[in-house]
Amino acid sequence: MIFTEEHERLRETVRGFIEQEINPHVEEWEEAEIFPAHEVFKKMGALGLLGITKPVKYGGLGLDYSFSVAFAEELGRITCGGVPTAIGVQTDMCTPALARFGGDALCREFLAPSIAGDYVGCLGVSEVGAGSDVASLATTARKDGGDYVINGGKMWTTNGAQADWMCLLANTSNGPVHKNKSLIVVPMKEKGVVVAKKLKKLGGWSSDTVQIFFEDVRVPQSNRIGEEGKGFTYQMMQFQEERLFAAAKGPLTLQLLIEETIEYTRQRQAFGQSILDNQVVHFTLAELRTKVELLRALTYQATERYVAGEDVTLEASMAKLTAGRLAREVTDKCLQFWGGMGYMWESRISRAYRDARLGSIGGGADEIMLSIIGKYMGILPKRPAGEFNAMPGEKEPAKEAAKEILAAPVPAPGAGD
Amino acid sequence: MNIIVLVKSVIDVELNIRVKDGEVVKDGLNYILSKWDENALEAALQLKEAGDGEVTAVTVGPDRAGEALRKALAMGADKGVHVNDPAAAGSDAFGIAKILAKVIQRNAFDLVIAGRQSQDTDLGATGPVLAELLGVPLAVNVIEIDPKPAGGKLNIKRKGDVGVELIEIALPALLTANDSLNEPRLASLRGIMAARKKPMDILTLSDLGIDPETVGAAGSGIEIVEFQPPPQRAAGQKFEGEPEEIARQVVELLANEAKIFA
């Protein structure tokens with residue numbers, strides 16, 4: 001088994017932190033549609049929770065990804081979906097590429113304070129016209145002297161209203177769509193960065209999500225993460241951790257919702273017996289609990305292989321797909337058993353139902369996961385463009401990217417420094 | 001200041017404990033560091049941080065007690081002592097105190113801090129017995145410690161029978177911690193990973209020169225005959241309707257059924 005006493009202890013600390021510093025404030029944050037990321041992250045940073053797999057020389061712990069998975073799973077105790085997402089953006093979505101490919105000066109300036117919790121980061125990939133189809137994004141970063149001049153905009157940016165910096169994916173040339181992009185660190189206070197509006201969402205209210213415009217934003221070329229033109233490859237790699245993280249957040253959240261539903265239906269009486277005593281109810285809950293355990297097993301298996309240095313794009317995609325779908329199934333079926341109470345806005349299950357919907361959309365929609373899985377199965381028909389099929393005359397980008405990643409002389413996932 | 005903190009690994013009572021044939025079912029139990037011990041440790045760490053010194057966590061127990069000890073190290077204790085000897089199993093508070101006294105007397109110490117009771121047996125006796133064996137003054141149920149000792153004395157507050165007592169206690173001394181003494185810190189991930197690298201002494205009774213017959217089940221003055229599950233709480237009654245109507249129903253039941261006004 002991948003988990004040790006230290007993992008258990010980490011879970012204990014995360015549990016304690018959530019009980020003391022997060023859950024008591026969730027109602028207030030949901031109401032405010034934002035949570036104080038700087039304040040919460042600073043405290044998490046002090047406990048070492050924002051740099052679990054990050055290099056030691058930037059304040060991280062240099063541990064393997066199994067610790068991140070234990071951490072992500074325990075975040076499932078948070079009684080809303082927005083805060084775990086915001087934390088995940090900081091730890092596993094906007095920082096992995098910087099930690100792995102960013103130069104020393106760039107890491108000192110942006111990674112170290114993000115691990116300490118002084119800086120809040122966000123990820124700029126999705127655009128109005130490019131969500132899951134990352135390759136088609138339109139934001140450009142044009143070279144001018146020693147700078148990049150950035151124009152365009154990003155959409156659905158988690159943490160965007162309070163972030164200090166963005167890990168931006170932009171087109172840095174006119175070449176083929178998988179080779180013309182770079183990841184660039186953009187300080188959010190830079191002139192021309194316009195946070196247009198805080199977006200109103202179906203769920204995840206505690207977390208601020210914004211639309212952002214860039215109007216001739218100037219950043220030095222030294223803010224580029226790694227090599228020019230490798231942005232798409234780095235981002236695909238970054239997605240691997242994002243997907244494992246998204247899957248790992250699932251099992252405990254769902255397990256706890258099932259337990260709360262058991263508690264509620266046991267007490268609630270109708271037609272002379274408890275709701276729970278109806279076979280359709282306890283059979284359904286038993287089956288959902290079984291599915292949660294399947295998700296957990298798949299996530300752990302993918303983690304184990306990832307820690308061993310293998311490419312787990314397939315399993316991580318399967319786990320992310322399952323997590324998204326199962327979250328919808330569990331919250332929908334449980335809400336049904338809560339009846340009128342479940343339909344009330346303030347009930348825990350109704351919030352979970354709204355928040356869970358994101359799982360099948362964010363971080364690569366279910367359909368993207370299915371395409372990846374199909375691709376690995378060899379059953380995806382050839383299409384002219386997209387994340388998983390090459391442009392005409394181009395080699396297969398995903399495979400090529402994987403090869404490049406495996407060949408690159410970089411530390412193994414989670415290796416210390 | 002050289003501070004000793006007594007820690008104990010106990011069953012997590014938040015989980016359901018099952019009793020079968022007079023014995024606690026051991027399967028599926030989770031063991032944790034007794035909560036008052038966390039207060040004791042936090043107090044020791046604060047004292048250390050306010051001045052200087054060293055915090056040693058001590059436990060008596062089987063292998064799993066090592067986990068409680070490592071948790072104490074993760075939270076910030078500098079070293080650990082684990083008395084791990086099957087002959088110590090079944091000790092009463094007197095037996096445990098005898099073992100602890102031998103451990104503590106190996107070196108000079110300024111202060112011993114324990115939880116006011118352990119979370120499993122709720123006995124609260126080990127600390128006072130140990131103070132007697134060590135021949136040091138005792139204050140139980142401590143709620144505040146002035147972190148600066150003056151003239152070899154420590155100013156503390158404890159919750160007594162009739163109110164809060166302000167006490168000046170001469171060092172070396174033994175204190176037991178109330179849970180309002182402090183808010184125990186969470187172990188940082190750095191502390192967690194460092195715990196295994198900190199020194200930990202593992203001792204047997206013979207290392208301490210203790211005759212096994214005088215401690216453990218053999219030397220115990222009490223014998224636990226059997227465990228019984230706590231009585232099931234009867235189902236509550238739920239009232240629905242308008243507040244006025246509910247109030248009327250409740251008053252009626254209190255008066256006529258519970259007869260509390262009789």
Side-chain angles (χ1 to χ4, degrees), chain A residues 3-22 24 40 42-54 56 58-64 66-68 70-71 74 77 91 115-117 259 262-264 266-270 273-274 276 340-341 414 416, chain B residues 7 9-10 12 14-16 28-35 37-39 41-42 45 49 57 59 62-77 80 82 179 182-198 200 232-240:
Chain A
F3 296 121
T4 61
E5 188 182 316
E6 280 78 7
H7 291 83
E8 187 46 48
R9 201 109 291 150
L10 165 64
R11 287 174 188 268
E12 237 175 69
T13 289
V14 178
R15 207 144 60 213
F17 184 78
I18 292 169
E19 276 167 23
Q20 291 169 20
E21 304 287 350
I22 295 182
V40 174
K42 183 74 195 159
K43 290 174 187 167
M44 294 183 77
L47 291 171
L49 300 178
L50 300 180
I52 296 175
T53 58
K54 299 296 188 295
V56 173
Y58 303 118
L61 271 296
L63 300 170
D64 71 50
S66 63
F67 284 89
S68 279
F71 170 70
E74 220 53 43
R77 290 184 188 273
T91 57
I115 291 171
E259 281 169 18
I262 291 170
E263 210 47 53
Y264 181 77
R266 180 177 274 142
Q267 278 166 22
R268 179 96 180 164
Q269 301 279 321
Q273 62 177 354
S274 76
L276 184 63
M341 212 56 97
Chain B
V7 299
S9 157
V10 296
D12 185 352
E14 301 264 315
L15 300 177
N16 277 333
L29 287 180
N30 189 31
Y31 291 89
I32 57 167
L33 175 59
S34 181
K35 69 169 184 175
D37 297 352
E38 288 198 25
N39 297 109
L41 178 61
E42 178 62 37
L45 295 173
E49 284 156 6
T59 194
D63 290 348
R64 65 172 160 77
E67 262 189 57
L69 208 49
R70 277 191 293 278
K71 167 144 192 201
L73 295 173
M75 285 173 70
H82 182 182
D179 53 2
N182 50 43
E183 190 66 51
R185 68 194 62 191
L186 298 167
S188 76
L189 190 47
R190 203 171 302 282
I192 291 167
M193 299 316 294
R196 263 187 216 280
K197 292 169 197 139
K198 289 183 176 177
M200 165 127 59
Q232 288 268 328
R233 234 177 64 184
Q237 191 173 344
K238 204 167 176 183
F239 299 90
E240 285 179 37

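Since the model is a prediction, treat every value here as computed from it, not as a measurement. A note on names: the letters A, B, ... follow the listed sequences, proteins ahead of strands, and every chain is numbered from 1. Every heavy atom of this structure was used, including side-chain atoms; hydrogens, water molecules and symmetry mates were not.
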Practice task
Give a yes or no on whether R77(A) atom CZ has more than 12 heavy-atom contacts from other residues, nucleotides or ligands under 6.0 Å away.
Solution key: yes
Fill in the blank from the handout: In short, R70(B) meets R9(A) closest at the heavy-atom pair C-NH1, 4.2 Å
Handout entry: Contacts of L69(B) that satisfy side-chain contact (heavy atoms from CB on, under 4.5 Å) - sequence neighbours left out
Key = V7(B), A57(B), T59(B), H82(B), M200(B)
Practice task
May I have the step-by-step check of side chain to side chain contact (heavy atoms under 4.5 Å, CB included) for Q267(A) and K238(B), ending in yes or no?
Solution key: CA-CA 10 Å; Q267(A) 278 166 22; K238(B) 204 167 176 183; 5.8 Å; no
Problem - Interface residues of residues 186-194 of chain B facing chain A - heavy atom cut-off under 4.5 Å - result: L186(B), A187(B), S188(B), L189(B), R190(B), I192(B), M193(B)
Handout entry: Pairing of K71(B) and E12(A) as salt bridge, 4.0 angstrom limit
Key = yes
Practice task
Working to the nearest 0.5 Å, report the span between CZ of R185(B) and CG of L47(A).
Solution key: 11.0 Å
Problem - Region of F67(A) that comes under 4.5 Å of a non-hydrogen atom in chain B - result: side chain
